[in-house]
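Starting from 1, each residue takes its place in the sequence as its number. Values below: all heavy atoms of this structure, side chains included; hydrogens, waters and symmetry mates excluded.
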Amino acid sequence: MSGPDAAELVGSVFQGRKRGRWQPRTQHLGSIVDVSRETIDEVLLTWFPAPASFTGEEIVEIACHGGVVVTKRLLDRLLEVGAEPAEPGEFSRRAFENGRIDLTQAEAIMDLISAQTELAARAANEQLAGRLGKALEAIRQDLIGLTAHLEAYIDFPEEDIDPDSSEVLENRGKAILQAIEKLLETADQGRILREGLRTVIAGAPNAGKSSLLNLLLGFDRAIVNEQAGTTRDTIEEVINLEGIPIRLIDTAGIRDSSEAIERQGIERSREQISRAELILQVIDGSAPASEADAVEISEGSRVLRILNKSDLSLHPDWKGIEAISLSCHSENAAEEIRRHLHDFLTKKGAVSSASLTAINARHQHCLSRAKKNAERALENLAAGESPEFIALDLRAALDAVGDVIGKTDVEEILEEIFSTFCIGK
């Protein structure tokens with residue numbers, strides 16, 4: 001429970017140490033009792049006085065025994081004495097509104113809950129600890145300082161404030177721009193850690209695509225049959241590849257077909273390939289090359305080619321091709337393909353475990369605005385425009401960065417102006 005009356009309400013139904021004798025952040029053994037003072041459950045109660053709590057308000061935590069009936073009775077009892085159910089995300093929202101966390105930390109709580117791999121959980125924990133927020137706050141303070149200097153020069157000419165030279169202003173602006181661009185570069189990593197790398201398994205019918213899916217999953221998810229065209233629709237599953245979430249999508253084999261249902265499946269395959277972040281192109285290495293093997297792949301796509309059925313003799317058409325030679329039926333096939341896939345993604349820079357700073361789509365949108373305005377400020381400075389125009393661009397960049405962490409305050413610029421330049425002293 002969180003709020004100014006939390007301790008009073010819980011104290012009215014808690015039978016144990018009296019509320020006036022509760023020690024902060026110390027567990028107290030007692031019972032929650034109903035209106036007739038009969039025990040609902042024996043519990044451990046912990047009291048966090050404001051502002052030293054997660055929400056910044058008074059909080060009481062009750063640890064009860066598990067089970068639907070006990071928990072429901074306890075909650076019903078608290079509602080009887082005046083408590084109200086929390087809305088989704090309300091505790092985190094109160095923590096933000098009371099200045100305990102910024103918006104990036106609030107978002108990190110949900111990222112941590114929904115993390116699918118240890119690497120994703122680590123990234124969420126680092127964001128929750130304030131790593132991203134501190135980087136953004138540093139950018140924000142630099143923008144405040146630069147904006148304050150320009151506006152002080154504009155608004156208070158009688159104070160004889162010397163403006164920095166164009167070269168100094170340009171260097172400060174470039175440093176800010178570089179810091180923004182560095183964070184924007186983590187957008188892809190953030191999307192992969194949160195949603196998984198969209199990986200499409202593509203190739204001709206009967207090349208072994210479904211066998212590869214089952215191999216990577218570790219269980220039979222797709223039907224495997226000697227008859228070509230078994231897969232008619234896409235199949236999607238997520239695997240954990242040494243901390244990198246991989247969203248595997250098995251597709252129908254691509255070939256010319258007169259069957260309406262199979263043609264529809266092939267069209268879906270092509271659509272998935274066009275949207276893929278990684279394509280695993282499976283080729284039957286024992287068969288001659290055919291038109292079906294020529295999967296349409298856009299330039300710049302990540303592609304890992306796999307020559308399957310290496311237990312059979314390699315057809316001359318595939319000699320010299322850059323690909324992994326594999327048999328999905330060999331004893332060490334799963335370990336081998338996982339190792340090759342991880343090495344491939346590491347070399348391509350899909351995810352770096354060295355730095356887990358990872359912005360999300362909202363951060364990316366705000367920082368793109370900040371970058372655009374910072375670039376325009378530098379262009380206006382180089383063109384010799386009036387300081388008023390440059391200051392407007394810097395303010396817009398400051399607002400955009402502030403939107404990421406939930407801080408947009410004009411008063412801070414005024415405070416910087418007066419404290420730095422001692423105006424009106």
Side-chain angles (χ1 to χ4, degrees), residues 116-117 192 195-242 244-255 257 262-287 289-298 300-311 318 321-330 332-345 348 350-351:
Q116 300 177 80
T117 66
I192 290 169
E195 302 173 10
L197 184 71
R198 191 176 187 84
T199 303
V200 172
I201 303 174
N206 215 22
K209 299 183 300 302
S210 295
S211 295
L212 180 64
L213 174 71
N214 292 340
L215 187 68
L216 287 167
L217 291 176
F219 62 91
D220 289 343
R221 173 65 177 83
I223 297 173
V224 176
N225 193 280
E226 291 182 2
Q227 180 182 342
T230 305
T231 303
R232 299 298 183 91
D233 202 351
T234 57
I235 298 174
E236 189 168 331
E237 292 285 349
V238 177
I239 64 168
N240 179 354
L241 184 70
E242 296 188 34
I244 306 172
I246 306 292
R247 189 171 295 279
L248 291 171
I249 302 168
D250 186 21
T251 60
I254 296 175
R255 66 174 176 176
S257 176
E262 187 176 1
R263 284 205 312 270
Q264 188 175 352
I266 291 168
E267 282 305 310
R268 291 190 180 186
S269 297
R270 292 193 172 108
E271 181 185 347
Q272 291 290 349
I273 291 168
S274 68
R275 296 166 54 199
E277 294 173 299
L278 171 64
I279 299 168
L280 299 181
Q281 184 181 359
V282 184
I283 299 167
D284 182 352
S286 66
S290 67
E291 291 183 7
D293 292 311
V295 177
E296 296 177 11
I297 299 172
S298 59
S301 299
R302 296 189 188 100
V303 183
L304 181 61
R305 291 181 175 84
I306 299 167
L307 287 176
N308 190 28
K309 305 183 183 181
S310 64
D311 51 326
W318 303 114
I321 187 174
E322 186 178 349
I324 298 167
S325 185
L326 178 79
S327 170
C328 287
H329 300 296
S330 67
N332 300 318
E335 181 182 343
E336 187 179 349
I337 187 60
R338 280 177 167 268
R339 176 172 53 80
H340 280 297
L341 184 53
H342 184 268
D343 290 346
F344 179 82
L345 291 176
K348 293 292 183 179
V351 174

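Going from atom NE2 of H329 over to atom OG of S211 covers 5.0 Å, rounded to the nearest 0.5 Å. A distance of 5.5 Å separates CD in E271 from CZ in R275, rounded to the nearest 0.5 Å. Atoms CG and CZ, on L241 and R339 in that order, are 12.0 Å from each other to the nearest 0.5 Å. L326 CG to I283 CD1: the interatomic distance, rounded to the nearest 0.5 Å, is 12.5 Å. Distance check, rounded to the nearest 0.5 Å: CG of L345 to CG of L304 gives 8.0 Å. Note that the OG atom of S286 and the CG atom of D311 stand 8.0 Å from one another [nearest 0.5 Å].
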Checking Q116 against N240 for the side-chain contact (heavy atoms from CB on, under 4.5 Å) test, could you report, in this order, the C-alpha distance in whole Å, the side-chain angles of both residues, the deciding distance, and whether it holds?
CA-CA 8 Å; Q116 300 177 80; N240 179 354; over 6 Å; no
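Side chain of N308 to main chain of C328: a donor-acceptor pair is present (N/O by atom type, distance under 3.5 Å, no hydrogens or angles). Without hydrogens or angle criteria, W318 side chain to A287 main chain gives a donor-acceptor distance under 3.5 Å.
Put simply, the side chain of I249 does not reach to within 4.5 Å of the side chain of E237, judged on heavy atoms. Looking only at side-chain heavy atoms (C-beta outward), V238 and L248 stay at 4.5 Å or farther from each other. In this structure, L280 and I337 have side chains that are not in contact, with every pair of non-hydrogen atoms separated by 4.5 Å or more. Proximity of L307 to I324: side-chain heavy atoms (C-beta onward) are nowhere separated by under 4.5 Å.
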Side-chain donor-acceptor pairs of residues 195-202 under 3.5 Å, sequence neighbours excluded:
residue, atom, partner, partner atom, Å
R198, NH2, Q272, OE1, 2.7
T199, OG1, L197, O, 3.0

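The shortest non-hydrogen separation linking A207 to K309 is O-CE, 4.0 Å. Nearest heavy atom pair, residue L278 against residue F344, reads CD1-CE2, 3.4 Å. When all heavy atoms are compared, the tightest approach of I244 to T117 is C-CG2, 4.0 Å.
Ion pairing between E277 and R302 fails under the 4.0 Å rule for side-chain N and carboxylate O. Using a 4.0 Å cut-off between a side-chain N of Lys or Arg and a carboxylate O of Asp or Glu, D250 and K209 do not qualify as a salt bridge.
Put simply, the residue from L215, L217, L216 that forms a side-chain contact (heavy atoms from CB on, under 4.5 Å) with L213 is L217.
Judged as a side chain to side chain donor-acceptor pair (under 3.5 Å), and not counting sequence neighbours, S310 has no contacts.
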